[in-house]
There are 2 protein chains.
Amino acid sequence: MYDLFFQKLQEKVPLTDQEREQIKSYLTPKKLRKRQYLLQEGEVCKAIAFVEKGALREYSVENGSEHILQFAIEGWTISDLFSFLTGEQATYNIDALEDAELVLITRSAHEELLKAQPKYETYMRLLITGAYIALQRRLTSNISLPVEERYTSFTEMYPDIAQRVPQHMIASFMGVKPETLSRIRKKMADQK
Amino acid sequence: MYDLFFQKLQEKVPLTDQEREQIKSYLTPKKLRKRQYLLQEGEVCKAIAFVEKGALREYSVENGSEHILQFAIEGWTISDLFSFLTGEQATYNIDALEDAELVLITRSAHEELLKAQPKYETYMRLLITGAYIALQRRLTSNISLPVEERYTSFTEMYPDIAQRVPQHMIASFMGVKPETLSRIRKKMADQK
DNA sequence: AAAAACCATTGACTTTTGTCAATGAAACGG
DNA sequence: CCGTTTCATTGACAAAAGTCAATGGTTTTT
């Protein structure tokens, strides 16, 4: 249990058996069925979720249409960090695209781990740093590249996600309408 | 010297006088003239820069046109984090929009501080967490809001930057052409 | 003080993306 | 297994953004 979680953690921060057991004692397992919410807009985000199995998405709703901020499959972490850290209402929804098994770090677990185990803080720092860099790149490609190139770089960067997730969600992730993505794919196929 | 730097630092992590002096010994001051580069694409980013005074921008160049990833004025921090942490070539440029005074944390200072002073690690974690949350919001508004609303929320969120920076750079930051922003401003003025 | 560079605005036109509606295929649930 | 839902595609048209070129006002430089 928690295998993937500790594998990812130890890639960044080596742990002794004792430290692993210590951290393990703060974690909570959770299963989610397809279409089930982990978080709904307006609630307070109660945990950071690590995906052991399955696939989730985080999205906001604006004028009735959904905009996907993030996907998370095995090995990824997902949360509304702002709501989690401040206790304010969440502005994002998180739900399961497939049946999923999660490892949850609740707010109190998070705070106690930060105090009790310096390596946890280091892991958090590295985790967020990586997420920040990835997000910077995504934003850069969003403001500087045409949709077609954004789409190819997405499928190259995340081929696994591109296969598991319906196309209209990838369009939503890229910030375009499904029809637009469909036409771009057609154009790319024709060119070839 | 370093007044603003320590003010911002101590807002997040209280320090004793001794800790402050310790950290101070790792910092490097630097002045930059308007238009001068702190970092050019292809170089390795040698420092994280905190802005004591002045204004900088970070941008990438794609097909001859510039795309601004970030502005940084007094109290902000700017860097090509990926290049800084990995030693790989930078993909961004950073230069001064006004004469500026910076506080630099070099790579070796960063590494030594992480080892020597846990509060530095905590500060870094909080700093990046805040930056990450801000970036998530920006991306969300980029994929979900029409340009006009993005512009108003920008000027409301960062009125100081909106005033100090030429309009075509704000357009670049928002991912549209200067003509488009000009027309949107006109439309907004007419409506009122 | 004059020349040069930079900047915002505007117009005419093109390209890209969105909207609405319809169709057929595939996936899903009972 | 059948009916329902979800999904991707396509067409016709509308709206938004980009391109190119010109203008006039600032600011900067010499």
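Lettering follows sequence order; numbering is per chain, from 1. Computed from heavy atoms alone, side chains included, the values below leave out hydrogens, waters and symmetry copies.
- Contacts classified as salt bridge (charged side-chain N to carboxylate O under 4.0 Å, His left out) and involving residues 70-87 of chain A (residues at least two apart or in different chains) are given here: A/E74-A/R164.
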Using a 3.5 Å cut-off and no angle test, enumerate the donor-acceptor pairs between side-chain atoms of residues 25-50 of chain A and protein atoms at least two apart in sequence or in another chain.
| unit_1 | atom_1 | unit_2 | atom_2 | d |
| --- | --- | --- | --- | --- |
| A/S25 | OG | A/Q22 | O | 2.6 |
| A/Q36 | OE1 | A/R33 | N | 2.8 |
| A/E43 | OE1 | A/Q40 | N | 3.1 |

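- A sub-4.0 Å separation between OP1 or OP2 of C/dT17 and a side-chain N or O of A/T180 is absent.
- If you check residues 138-174 of chain B against DNA chain C, the residues with a heavy atom closer than 4.0 Å are B/P166, B/Q167, B/H168, listed by number.
- Minimum interatomic distance between B/K24 and B/F6 (heavy atoms only, all atoms of both residues): CE-CE1, 3.6 Å.
- Under 4.0 Å is where a charged nitrogen must lie from a carboxylate oxygen, and between A/E179 and A/R183 no such pair does.
- In this structure, B/K186 does not reach the C/dT9 phosphate: none of its side-chain N or O atoms is under 4.0 Å from OP1 or OP2.
- Under the salt bridge (charged side-chain N to carboxylate O under 4.0 Å, His left out) criterion, the residue pairs touching residues 53-71 of chain B are B/R57-B/E66, B/R57-B/D95, with sequence neighbours excluded.
- Comparing C/dT10, D/dA12, C/dT17 by their closest approach to the side chain of B/R183 singles out C/dT10.
- No hydrogens or angles were tested; on distance alone, nothing pairs the side chain of B/E179 with the base of C/dC7 as donor and acceptor under 3.5 Å.
- Sequence order on DNA chain C of the closest nucleotides to B/R35 and B/L181 puts B/R35 first from the 5' end.
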Quick one, A/Y151 with A/R185, criterion side chain to side chain donor-acceptor pair (under 3.5 Å). Give me CA distance, side-chain angles, the key distance, then yes/no. CA-CA 9 Å; A/Y151 178 68; A/R185 280 164 48 87; 2.9 Å; yes
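- With rounding to whole Å, A/K177 atom NZ is found 16 Å from D/dC7 atom C1'.
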Short heteroatom pairs, N/O only, protein and nucleotides 23-28 of chain D, under 3.5 Å:
none

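- Look at CG on A/L97: it is 13 Å from P on C/dC28, rounded to the nearest Å.
- Here the P atom of nucleotide D/dT10 and the NZ atom of A/K187 are 14 Å apart, to the nearest Å.
- Pairs passing the side-chain hydrogen bond (donor to acceptor under 3.5 Å, both in side chains) check and including a residue from residues 126-142 of chain B, sequence neighbours excluded, read A/Y92-B/T140, B/Y132-B/Q136, B/N142-B/R150.
- B/E121 and A/T122 share a donor-acceptor pair across their side chains, judged by distance under 3.5 Å alone.
- The side-chain heavy atoms of B/K119 and B/L9, taken from C-beta on, include no pair separated by under 4.5 Å.
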